[in-house]
Chemist: 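The structure under discussion is supplied below as structure tokens; questions concerning it will follow.
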Amino acid sequence: MNSNNIACPLDCFDTCEASYNKGAVKPSLTHRVTNKKLCINFAKLLKEETFSSAFYENKNINLKQALEILRKKLEETKPSKTLYYKGSGNIGVFQSYPKTFFAKYGSTFTRGGLCDSIGSHALETSRGGANVNPSLEKLLSADVIICWGRNFSVTSSHMYNLVKDKTFITIDPISTPIAKKSQLYLQIKPKTDYELALLLTHYAKEYNLEDEAFIKEHKGKNFINLAQERSLESYEKTLGLPLSEIKKLMELIKGKSVALMLGLGAQKYYEGSSIFRVIDAFAACIGLHNPSRTAGGVWYLSDASYGYDKQLKTSKKKEVDITSVDYGAYDLLFIQGGDLLVSNPNSLKILNALKKTFVVYFGTCKNETSAYANLIIPAATFLQKKDVRLSYGHEEKVCSYKHEHDEEKISEYELSKYLFKAFDFEGLKDENEVFEYYKNAKAKAFILEKYNFIETLTIKNLYDEKKENEYYFITAKAKKSLNSQFSNENNVYLHPSSSFSAGQEVTLRSEFGEAKFIVCLSQDVREDCILCYAGNKHANYLTPARSDAFASSAIFQELLVHIDVS
Ligand SMILES: Nc1nc2c(c(=O)[nH]1)N[C@H]1C(S)=C(S)[C@@H](COP(=O)(O)OP(=O)(O)OC[C@H]3O[C@@H](n4cnc5c(=O)[nH]c(N)nc54)[C@H](O)[C@@H]3O)O[C@H]1N2
Ligand SMILES: Nc1nc2c(c(=O)[nH]1)N[C@H]1C(S)=C(S)[C@@H](COP(=O)(O)OP(=O)(O)OC[C@H]3O[C@@H](n4cnc5c(=O)[nH]c(N)nc54)[C@H](O)[C@@H]3O)O[C@H]1N2
Ligand SMILES: [Mo]
């Protein structure tokens, strides 16, 4: 890796590499996944308007004054009455530096997540503690790729590009671009994925797909019994998918090496962890976890730091669930790289809470949340600081060097250094040392020892509760935005058979809140679903401030929605 290198900081599977030369940024010619191309979101990031200065009560101040205000405020406030919040606007390793300060200082932290945590919890539970992807090589040598609740060609366009000529199968309520390119597309009813996975398990023996040795070694018989307890017809009835389609899937994967690409889709529910464990157990039954495989396997959002010795360790004192925390109950809220008013569930409640507390926003650019900040500390952009990007999509890391400098912006490391000094704390790890560690270290490989098949299930079906005039709520990523970044959406997507017309303003209402949206009609959406993209300003007015069953994490789709004419 040379010192012209830049890593894309955006929260995405691909973790691309670019090079910097006298102000010009070009895609890497050697990084395998980047493959000489950068995406539209990276281009937008390069052109983004960042904070012009620090701000205090909406007035320009200089960085030195801003840091002084932060120091004073932290001195005056009881540490446990401060909340440290880290979003995922940049997911470089060095973003965790401020965590090391706030943990020592004694702030309260958030527990759980908005993203992959429910699925990760599931995979860790089933696989003996770790959620790690197979090597990229095994994806490249697979014959068939199943995209299960993953918008593969949109949310990891570079990884997709490496395998785009393979046979695809897609399982998704929305007809995504990859669904349209697939040999087989199952437009599944939301939250019925565990039933589909059980049905596929039911068929595995008949198609000679069972990995009998693996099932025997890891005691999978009870899981298979669970799948066989129900009749084929009862699955067909609740899933609403013809058995002929299921048989077609089995035919397509029979005798082939299969890569199962799991995304967030099937896990955004209260019992999302159990749903995911059932899908993963089906994969186990057909041998996708067998360590002797040379091609295929199961991919998800892998634990990117697995196999490294964690350099920026913290010991947090107090944690509260990210889904239901009452931000207004804290005297100071420090937000780093997150747009809570757009990205977090039940966001109207958060808006009211932000008005009650002293909000510090530490980020690169304005967003909905920074508008409520009392103090804005402008973060150095990814070109203005050193960092290392590990990837949750594949095993290739990228080092990022500092290329530009702005006196009035500060990196996560420099801010932490300032605060460690101001509070006389010891133990801040040197930036170059951490950088060199990650640059040179090779991650230890994960070897599956014990697979724990899920054996019992209690799942409340949304279809048992749904009334005729209600819709399933789907919220997923858009091509031209990165979560809240670069997004300016206020649309709701409905099937053209609905009684609403394009451009019409409607009010969507759930048990948790309501907001107005503009109707867009799309054939890609199931008739019983509505879709709002991530980054939609008000989508999260509708979502629950509740955690899932195991991972203290957001359940963005555990709701049903009414549509009212505004
Ligand atoms: N362009 C772009 N790329 C991104 C991002 C972005 O915002 N924009 N965000 C990045 C981030 S932070 C993440 S976490 C990843 C996420 O990457 P993905 O997992 O691909 O993301 P999602 O779009 O949340 O969900 C995937 C799919 O699940 C489907 N789905 C919804 N409900 C269900 C269900 O009940 N069952 C099934 N089977 N499918 C369902 C949705 O229709 C959607 O197509 O993408 C990353 N990449
Ligand atoms: N309705 C709905 N809600 C969702 C989702 C969904 O699909 N639907 N997806 C969820 C998922 S998977 C995720 S990951 C979250 C993501 O949601 P967030 O954590 O809010 O992340 P972003 O929207 O990517 O970025 C937020 C901010 O990060 C700041 N930022 C960018 N770079 C830097 C930097 O280098 N340093 C600092 N300090 N700040 C920086 C920018 O100011 C930007 O406005 O949203 C979740 N919320
Ligand atoms: Mo995410």
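Whatever order the structure lists them in is the order used to number ligands and atoms, beginning at 1.
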Chemist: Under the rule for ring-ring contact (aromatic ring centres under 6.0 Å, His included), what residues qualify as partners of Y361, not counting sequence neighbours?
Modeler: none
Chemist: On a heavy-atom basis, which atom in T364 and which in E48 lie closest, and how many Å separate them?
Modeler: OG1-OE1, 4.3 Å
Chemist: With atoms numbered from 1 as shown, which atoms in ligand 2 lie under 4.0 angstrom from a non-hydrogen atom of E412?
Modeler: 34 (C), 36 (N), 37 (C), 38 (N)
Chemist: For ligand 2, which atoms sit closer than 4.0 Å to a heavy atom of G338?
Modeler: 19 (O), 20 (O), 26 (C), 27 (C), 28 (O)
Chemist: Just by distance, no angles: are the side chains of K37 and S157 close enough, under 3.5 Å, to form a donor-acceptor pair?
Modeler: no
Chemist: Between N133 and E395, is any side-chain donor less than 3.5 angstrom from a side-chain acceptor?
Modeler: no
Chemist: Please list, in number order, the atoms of ligand 2 under 4.0 Å from a heavy atom of G87.
Modeler: 19 (O)
Chemist: Just which atoms of ligand 2 are under 4.0 Å from any heavy atom in Q336?
Modeler: 38 (N)
Chemist: Is the closest basic N to carboxylate O distance between K460 and E465 below 4.0 Å?
Modeler: yes
Chemist: Residue by residue, ordered by chain and number, which ones reach under 4.0 Å of ligand 1 with a heavy atom?
Modeler: D11, C12, F13, N41, C115, W148, G149, R150, N151, V154, T155, I171, D172, P173, I174, T176, I188, P190, K191, D193, G263, L264, G265, K268, Y269, L301, Y392, I474, A476, K477, A478, K479, S481, L482, N483, Q557
Chemist: Given that the side chain starts at C-beta and the backbone is N, CA, C, O, which of these parts of N540 lies under 4.0 Å from ligand 2, counting heavy atoms, or is it both or neither?
Modeler: side chain
Chemist: With heavy-atom distances below 4.0 Å as the criterion, list the atoms of ligand 2 near G363.
Modeler: 37 (C), 38 (N), 39 (N)
Chemist: Among F13, F276, Y392, exactly one meets ring pair (Phe, Tyr, Trp, His ring centres under 6.0 Å) together with Y300. Which residue is that?
Modeler: F276
Chemist: Consider side chain to side chain donor-acceptor pair (under 3.5 Å). Of D193, D172, T170, which one does W148 pass it with?
Modeler: D193
Chemist: Among all residues two or more places apart in sequence or in another chain, which pass the side-chain contact (heavy atoms from CB on, under 4.5 Å) test with P544?
Modeler: F512, R546, I555, L559
Chemist: Please tabulate, one pair per line, all N/O donor-acceptor pairs under 3.5 Å involving side-chain atoms of residues 111-121, not counting sequence neighbours.
Modeler:
{"residue": "R111", "atom": "NH1", "partner": "D321", "partner atom": "OD1", "Å": "2.5"}
{"residue": "R111", "atom": "NH2", "partner": "E319", "partner atom": "O", "Å": "2.8"}
{"residue": "D116", "atom": "OD2", "partner": "S120", "partner atom": "OG", "Å": "2.6"}
{"residue": "S117", "atom": "OG", "partner": "S553", "partner atom": "OG", "Å": "3.4"}
{"residue": "S120", "atom": "OG", "partner": "D116", "partner atom": "O", "Å": "3.2"}
{"residue": "S120", "atom": "OG", "partner": "N131", "partner atom": "ND2", "Å": "3.2"}
{"residue": "H121", "atom": "ND1", "partner": "S273", "partner atom": "OG", "Å": "3.2"}

Chemist: Between E558 and Y269, does any side-chain donor sit less than 3.5 Å from a side-chain acceptor?
Modeler: no
Chemist: Quick check on contacts: which atoms of ligand 2 are under 4.0 angstrom from a heavy atom of N90?
Modeler: 32 (N), 33 (C), 34 (C), 35 (O)
Chemist: Under 4.0 Å from a heavy atom of A379: which atoms of ligand 2 are those, numbered in the order shown and with their elements?
Modeler: 36 (N), 37 (C), 38 (N)
Chemist: Would you say C365 has any N or O atom under 3.5 Å from an N or O of ligand 2, going by distance alone?
Modeler: yes
Chemist: Are side-chain heavy atoms of S370 and F51 found at a separation under 4.5 Å?
Modeler: yes
Chemist: Using a 3.5 Å cut-off on N or O atoms only, is N367 in polar contact with ligand 2?
Modeler: yes
Chemist: Decide whether an N or O pair under 3.5 Å exists between K385 and ligand 2.
Modeler: yes
